[in-house]
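Just so it is clear: chains get the letters A, B, ... in the order the sequence lines come, proteins before strands, and each one is counted from 1.
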Protein chains: 2
Amino acid sequence: MYLSSLTELAFGSRLKALSDRFYAAVDEVYRSCGAGIESRWFPVMRFLWEHGPTTVTEMAEAIGQTHSAVSQLANKLVRAGLLLRRDDPADGRRCLLSLTDQGAKSLEKLGPVWVAIRQGMQDSLGPQSRLLQALHDCEQALDAQPLVGKILDRHAVLTQSRVEIVPFEPRLREYFYELNAAWLKKYFVIEPLDEQVLRDPEHRVLEPGGAIFFAMLEGEVIGTCALLYESADLFELSKMAVNEAFQGMGIGRRLLDAAIAEFHRRGGQTLFLESSSRLTPALHMYERAGFVLQPAVRDGSHYQRADVYMIYTPTGAAAPPRKGAGRKN
Amino acid sequence: MYLSSLTELAFGSRLKALSDRFYAAVDEVYRSCGAGIESRWFPVMRFLWEHGPTTVTEMAEAIGQTHSAVSQLANKLVRAGLLLRRDDPADGRRCLLSLTDQGAKSLEKLGPVWVAIRQGMQDSLGPQSRLLQALHDCEQALDAQPLVGKILDRHAVLTQSRVEIVPFEPRLREYFYELNAAWLKKYFVIEPLDEQVLRDPEHRVLEPGGAIFFAMLEGEVIGTCALLYESADLFELSKMAVNEAFQGMGIGRRLLDAAIAEFHRRGGQTLFLESSSRLTPALHMYERAGFVLQPAVRDGSHYQRADVYMIYTPTGAAAPPRKGAGRKN
DNA sequence: ATTTATTATGTTAGCGCTTACATAATTGAT
DNA sequence: ATCAATTATGTAAGCGCTAACATAATAAAT
């Protein structure tokens, strides 16, 4: 499912969806047992059952909703004959909610259904009710420290500190490997040529006349990219990688700009890249930077995964279709 | 929070509440960053950003909502200038959604915000994103096997097999202790007198002229209760316990009825009990069975926790207030 | 004792989503 | 080629909830 891939970012949506699934399931169970109540009524009715007459506000606090919600639900339940509303003799503002005999009787019949729900849900909640436990911890964490504050703090740190693009240094060599290995392993496999280039960038990239750049944030290496020398006027853009946690911040674009600048500085005429149609966000970025999609992959492509071939030229003109190109797919 | 105490039964409500908290928090973050978008727009916009133009139905499937929801949201986003709607040239029914330049630009600025959200939420999700992991497992479990079926299966088993009430047997001795220890430890503490009676029911309950009953379901011991001899016509109801998973099924009432029947059989005139005002559901059950709340606790009460004193008499008449009673609290 | 806050509740409008229906375009069967 | 099924979408009504307001009763301050 797509939402899972967004992890923390679409968390609310997933919780909502799961909540709806549970409500719907329990409603169906109630219906097919002829229980005569709905899942959303449960917290109010059960609370009354356990605690006896309760005011609207007390109830709202107990079940974590607004007094409006309780008031409206109470009206509905009164209409259904399950609830009783009467004025509190001690305080004219308050009104006491309580179960009617019919309401109490409905609940009493429900015991086995609840047990069945409990037992039936055990599987879904994981061993030792892991989801329940995690949910509880999460609620506690949010109560203890407001989420908004934490997020804004992180945001302030992230935006105040600037991302810098720096050229290759030997002490950063391992990051060139690690950052690229991460996405290669995630989407494809590390091919032998990858291994050679990534393990020995000095001999494979720099000495032939190429360049490597790193993106740094607060001293942390969060991205890299390489410009490979093919011939005096032909270069290849390759080994672009940004740490997953920092994707979407425009860091890839910064690295790309640095590589293109270096390509110009060295008097290149054509800059090409090979990529995969599965890496859509990256492809869009290349397009926006001026790369033009070619109708067919390059002859003698370096990599198994390559099914996309793009070219950038200083003039901005699209490179002419190559011999034998033009066929679809 | 009350809902936590309902564990599996109010699970949907808690998920919904948590979902709303996350939506609200992220919305506030977006507002204070001047992002110009809302949290609920995120899945649609992000999907378009990653995948390019998409039809309404594709989108609905990807983000797990109805096509109506997508259609309506799309209208809103078009009005906000973030989305573009155009007819699919290949299929007149379809319509392609895509980001406007402004929409794409809004998202690109958001990179750091998303990273901040990710990092800020780490705490709330527990070590190794435990909540996220548990959520994923739960979704999988529900996909694999429909919850309704599981619950109804359990329900069928529970209702077909009858609960039986049986008298004391030595092989059940340990359950008398375990079932009572559970609620004593949960709400109060195990007092010395509890320990003596529960550990040695033969000498402390049966030999003096009392009785003990167990509730059995499918060979499993799920509840117990004791009738204690005080004098020829005075008995005490005590040590009533039902396994938490089977509460609310009327098992307490079955045990109580058995004990009252035995009380009659032995020619008792007065049956009293001591309980705590914290055990509201139990108190209601006693009332429904004919016990009458006394205005003050018994002189020389056996237990620290006792602040409720109730009496049952065969005639059903309320026992007369005792000497010194009648004062409030 | 009078005024001012606070508290408890009901009411209205609105949001996000669903269900149910309507409509149009496309595909498939004969 | 024709007509029925399927598919893609939009729209209306409704549900559950919230926010914002209105109102009445109570508590607190002077």
For this session: Go along nucleotides 18-28 of chain D 5' to 3' and tag each nucleotide: B for a protein heavy atom under 4.0 Å from its base, S when only backbone or sugar atoms are that close, - otherwise.
Result: BBB----BS--
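Note: CZ (A:R94) to P (C:dT6) measures 18 Å, nearest angstrom. Rounded to whole Å, atom P of C:dC15 lies 16 Å from atom NZ of A:K16. Atom CG in A:D87 sits about 10 Å away from atom P in C:dT9, given to the nearest Å. Remark: C1' of C:dG10 and CG of A:N75 are 8 Å apart, rounded to the nearest angstrom. As rounded to whole Å, 16 Å separates atom P of C:dA25 from atom CG of B:L96. Between the CD atom of B:E38 and the P atom of C:dC15 there is a distance of 10 Å, given to the nearest Å. Distance, B:D88 CG to C:dA25 P: 14 Å, rounded to whole Å. Per the geometry, CG belonging to A:L73 stands 16 Å off C1' belonging to C:dT11, to the nearest Å.
Geometrically, A:R46 engages A:W114 in a cation-pi contact defined by less than 6.0 Å to the ring centre and at most 45° from the axis. Remark: B:R40 qualifies as a cation-pi partner of B:Y23 under the 6.0 Å distance and 45° angle criteria applied to the six-membered ring.
No engagement by B:E58 is indicated, since no non-hydrogen atom pair under 4.0 Å with the nucleic acid exists. In this structure, A:E61 reaches neither bases nor backbone, as no heavy-atom distance under 4.0 Å exists between it and the strands shown.
Over its length, the helix from C:dA1-D:dT30 to C:dT30-D:dA1 turns its helix axis by 10°, as judged from the five terminal pairs at each end, rounded to 10°.
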Exercise. Given the rule in the salt bridge (Lys or Arg N to Asp or Glu O under 4.0 Å) test, do B:D20 and A:K16 qualify, once you have shown the distances and angles that lead to the verdict?
Worked result: CA-CA 8 Å; B:D20 286 340; A:K16 172 67 161 47; over 6 Å; no
Exercise. What do the steps show when you test A:R14 against B:H136 for side chain to side chain contact (heavy atoms under 4.5 Å, CB included), and what is the final call?
Worked result: CA-CA 9 Å; A:R14 287 172 74 191; B:H136 181 258; 4.0 Å; yes
For this session: Report the C-alpha distance between B:Q122 and A:E8 in whole Å, list the side-chain angles of each, state the deciding distance to 0.1 Å, and finish with yes or no for side chain to side chain donor-acceptor pair (under 3.5 Å).
Result: CA-CA 8 Å; B:Q122 300 283 322; A:E8 291 86 356; 3.1 Å; yes
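In this structure, B:F11 and A:L125 have side chains that are in contact, with non-hydrogen atoms separated by less than 4.5 Å.
Under the side-chain contact (heavy atoms from CB on, under 4.5 Å) rule, B:R94 has a single partner from B:T57, B:V56, B:T55, B:T54, which is B:T55.
Remark: A:K76 is in phosphate contact with D:dG16, judged by side-chain N or O atoms under 4.0 Å from OP1 or OP2. Neither OP1 nor OP2 of C:dT11 sits under 4.0 Å from any side-chain N or O of A:S71. When the side-chain nitrogen and oxygen atoms of B:R85 are compared with OP1 and OP2 of D:dT9, none of them lie within a distance under 4.0 Å. In terms of phosphate contacts, A:T55 brings no side-chain nitrogen or oxygen within less than 4.0 Å of OP1 or OP2 of C:dA8.
Between the side chain of A:R278 and the main chain of A:Y187, a donor-acceptor pair closer than 3.5 Å is present.
Residues B:D87 and B:R93 are not paired through a salt bridge, judged by the lack of any N-O separation under 4.0 Å between the basic side chain and the carboxylate.
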